[in-house]
Amino acid sequence: MTTRVIIVDDQAMVRAGFAALLAAQSDIDVVGEAPDGVRGVELSRRTHPDIVLMDVRMPEMDGLEATRTLLAPPPGVTHRPRVLMLTTFDVDDYVYEALRAGASGFLLKDAPPADLIAAVHVVASGDALLAPSVTRRLIADFARQRPASGSKAALRLKALTARETEVLTLVGRGRSNTEIAETLVLVEQTVKTHVSRVLTKLGLRDRAQAVVFAYESGLVSPGE
C-alpha cells in the first residue's frame, strides 16, 4: 500500500531534498509541497495525504496552528492526516504544543535520510511514536521549564486498570510495544490491546498524546 505524503516547509531546498528522497521509495508517493501553513492546509484538504511533513516555523501560519487546523477541521471536513513535525531542539514549546494538538511525532531536520524514511513508515502505521527517546527528552525538558499542576489529568488515571497504568507509564518513558512486552512479560498483541484501551479511556488520539498525558498527570517525571 502506498503512503501519500505532502511536505510543508518554507525552505525550498528542504522541500526538494525531502521530496526527492521520499519519491525514490516505491511505497511512498509525494503528492505536493507548500511553503507555509496556510497553503499547506489548503493542499492537504485538496490532495488528502496520509501524512503531512510539517515545519514548525513558517510565515503566514506556523506549523502549530496548521496542525491544529488540520486535526480539528470545521464541520463537513472529514479528512485528518497524520502530522509529522519537522523541527530542531530550539523550538521545544512549539513541538510540545503540536503533540498536544495531535501531531503523531517529530523529526529533527538534520536526521539521517534513513530516519526520514523510517519515520514516514512508522507514522503511517500508527503503531508507535517516532523517536520515542528523543520525544521523552524534549517533553521532559519542557516539563522542567513549565511544570503543570496535572491535577485534572491525574484524576483521569483512575479510569485505568493497574496493568493499563503500567503500560501508560512505559509509553511515557518512550518504550516501544516490543520493549513493553519484554518488560511486563506479555505478548506484543496484548500490549497493543492495552495501549488501545488506554487511548480510548483517556480520550487520546495516539501515542504522542499519551506521552504528553503521562507527564502532565505526573505518572512520569522529568529526568526518569
Side-chain angles (χ1 to χ4, degrees), residues 3-37 39-40 43-44 49-68 70 81-146 173-176 179 206-209 211-212 215 222-223:
T3 299
R4 293 165 54 82
V5 178
I6 66 172
I7 302 166
V8 184
D9 193 296
D10 63 341
Q11 298 180 45
M13 290 185 65
V14 171
R15 296 197 307 272
F18 282 1
L21 178 63
L22 294 175
Q25 309 306 308
S26 61
D27 58 350
I28 298 176
D29 186 11
V30 178
V31 296
E33 303 173 23
D36 59 62
R39 280 179 277 187
L43 178 63
S44 177
D50 299 302
I51 295 175
V52 177
L53 292 184
M54 182 78 75
D55 189 19
V56 174
R57 291 178 174 174
M58 294 180 291
E60 302 296 331
M61 178 188 288
D62 65 26
L64 175 58
E65 185 60 30
T67 296
R68 286 175 174 156
L70 286 175
R82 292 185 176 275
V83 177
L84 177 57
M85 303 300 296
L86 301 172
T87 186
T88 58
F89 274 129
D90 63 352
V91 289
D92 289 1
D93 293 16
Y94 282 95
V95 175
Y96 182 86
E97 290 301 322
L99 291 173
R100 292 187 66 187
S104 294
F106 72 93
L107 182 72
L108 299 181
K109 280 192 172 183
D110 60 357
D115 285 4
L116 173 62
I117 297 169
V120 170
H121 288 147
V122 167
V123 172
S125 73
D127 186 45
L129 175 65
L130 171 65
S133 61
V134 179
T135 301
R136 183 177 66 248
R137 172 183 167 185
L138 184 149
I139 296 178
D141 286 347
F142 183 95
R144 288 191 190 95
Q145 296 166 18
R146 296 188 181 183
R173 291 174 179 165
R175 304 290 179 81
S176 67
E179 292 169 332
D206 55 24
R207 293 176 75 104
Q209 289 194 325
V211 173
V212 173
Y215 276 91

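Values below: all heavy atoms of this structure, side chains included; hydrogens, waters and symmetry mates excluded. Positions are given from 1 along the sequence.
Annotation for Ala23 and Val30: closest pair N-CG2, 4.0 Å, computed over non-hydrogen atoms. In terms of heavy atoms, Arg82 sits closest to Ser104 at NH1-OG, 3.5 Å. Leu43 and Gly32 make their closest contact through CD2-C, 3.6 Å (heavy atoms, listed as atom of the first residue, atom of the second, distance). Considering every non-hydrogen atom in both Ala66 and Gly37, the closest pair reads CB-CA, 3.9 Å. Gly40 approaches Val8 most closely through the heavy-atom pair CA-CG2, 3.8 Å.
Side-chain atoms of Thr67 come within 3.5 Å of backbone N or O of Gly63 as a donor-acceptor pair.
Contact of the Asp36 side chain with the Asp10 side chain is not registered, since no non-hydrogen atoms from C-beta on lie closer than 4.5 Å. Between Glu60 and Pro35 the shortest side-chain heavy-atom distance does not fall below 4.5 Å. In this structure, Glu179 and Arg173 have side chains that are not in contact, with every pair of non-hydrogen atoms separated by 4.5 Å or more. His121 places a side-chain heavy atom less than 4.5 Å from the side chain of Ile28. Between Thr3 and Gln25 the shortest side-chain heavy-atom distance does not fall below 4.5 Å.
Ser44 OG to Ile51 CD1: the interatomic distance, rounded to the nearest 0.5 Å, is 11.5 Å. Note that the CZ atom of Arg207 and the CZ atom of Arg175 stand 11.5 Å from one another [nearest 0.5 Å].
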- What do the steps show when you test Leu22 against Leu53 for side chain to side chain contact (heavy atoms under 4.5 Å, CB included), and what is the final call? CA-CA 11 Å; Leu22 294 175; Leu53 292 184; 3.7 Å; yes

- I would like to know whether Leu86 and Phe18 meet side chain to side chain contact (heavy atoms under 4.5 Å, CB included); could you show each step before the answer? CA-CA 11 Å; Leu86 301 172; Phe18 282 1; 3.6 Å; yes

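Exactly one residue among Asp62, Ile7, Asp9, Leu70 makes a side chain to side chain contact (heavy atoms under 4.5 Å, CB included) with Met54. That residue is Leu70.
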